[in-house]
Visitor: 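For reference, the structure I am asking about is given below.
These numbers come from a predicted model, not from an experiment.
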Amino acid sequence: VHKKNIMKVVVVIAVLFGVCTAAPQVGFGDASPDEIAQIRAGTFQEDFDDNPQYSFNYKVADDVEQTFMAMNEDRNGDQVTGSYQYVDPFGSLIIVTYTAGPMGYSETREVREG
């Protein structure tokens, strides 16, 4: 019982120490007046790309675990196209092809059994 009380005291002291030594952050450090204006406006380090583009893909396959999944996606401006594939628990290959953009999202699904 005595050890439990000591542990409670140690925990309370640790919490109080953390609370008492925490100091609020004041000012903007070494930011320039221009950076401070951007911080206040919510635009600091905000980069905007008028025509974002990317392309990526990956594939994971493991014969021992009988796992397969793959994905590829491309973006050109406001249009995203891609597909992903996986083997479901029944052994069927599921292929989903999709398109997304300002007009919404659409997809097709193909199931290859076996």
Side-chain angles (χ1 to χ4, degrees):
V1 176
H2 181 63
K3 288 182 180 179
K4 287 184 181 180
N5 287 338
I6 291 174
M7 183 56 98
K8 288 179 184 177
V9 170
V10 169
V11 169
V12 168
I13 290 172
V15 169
L16 286 174
F17 178 77
V19 170
C20 292
T21 58
Q25 298 297 317
V26 179
F28 295 97
D30 62 352
S32 70
D34 184 49
E35 291 171 331
I36 293 170
Q38 291 176 27
I39 291 168
R40 289 186 172 142
T43 59
F44 182 67
Q45 293 186 339
E46 181 180 272
D47 294 326
F48 185 77
D49 187 347
D50 290 330
N51 188 26
Q53 297 181 354
Y54 65 79
S55 180
F56 76 90
N57 62 60
Y58 68 85
K59 187 181 295 185
V60 177
D62 187 332
D63 291 335
V64 174
E65 297 293 327
Q66 296 187 351
T67 302
F68 174 79
M69 60 186 132
M71 180 175 185
N72 67 58
E73 184 173 284
D74 296 298
R75 179 174 183 173
N76 188 1
D78 58 4
Q79 196 70 26
V80 177
T81 58
S83 68
Y84 60 91
Q85 306 172 23
Y86 62 94
V87 176
D88 71 7
F90 304 107
S92 298
L93 177 64
I94 310 298
I95 303 170
V96 179
T97 304
Y98 60 89
T99 301
M103 301 306 290
Y105 173 85
S106 66
E107 69 176 43
T108 60
R109 289 179 182 254
E110 178 183 350
V111 177
R112 295 183 187 169
E113 299 199 11

Visitor: Could you measure the distance from the OG1 atom of T97 to the CG atom of N72? Nearest 0.5 Å is fine.
Guide: 8.5 Å
Visitor: Is a salt bridge present between E110 and R112, judged by a nitrogen-to-oxygen distance below 4.0 Å?
Guide: yes
Visitor: Using side-chain heavy atoms (C-beta onward) and a distance below 4.5 Å, is F90 in contact with E113?
Guide: no
Visitor: Working to the nearest 0.5 Å, report the span between CD1 of I36 and CZ of F44.
Guide: 10.0 Å
Visitor: For Q79 and G101, work out which heavy atoms get closest and say how close.
Guide: OE1-CA, 4.1 Å
Visitor: How long is the gap from CD on Q85 to CD1 on I94, to the nearest 0.5 Å?
Guide: 10.5 Å
Visitor: I need the D78 CG to D50 CG distance, nearest 0.5 Å.
Guide: 11.5 Å
Visitor: Taking the side chain as every heavy atom from C-beta outward, state whether Y54 and V80 have any pair of such atoms under 4.5 Å apart.
Guide: yes
Visitor: Enter the distance from Y58:OH to M71:CE here, rounded to the nearest 0.5 Å.
Guide: 5.5 Å
Visitor: What class does the angle between the rings of Y84 and Y98 fall in, given that below 30° is parallel, 30 to 60° is tilted and above 60° is perpendicular?
Guide: tilted
Visitor: Taking CG in D63 as the centre, count heavy atoms belonging to other residues, nucleotides or ligands within less than 6.0 Å. Is the count above 12?
Guide: no
Visitor: If we only count heavy atoms from C-beta on, is the N51 to N76 side-chain gap below 4.5 Å?
Guide: yes
Visitor: Checking R40 side chain against G42 main chain: does a donor-acceptor pair fall under 3.5 Å?
Guide: no
Visitor: What's the separation between atom CD in E107 and atom CD1 in I95, rounded to the nearest 0.5 Å?
Guide: 13.0 Å
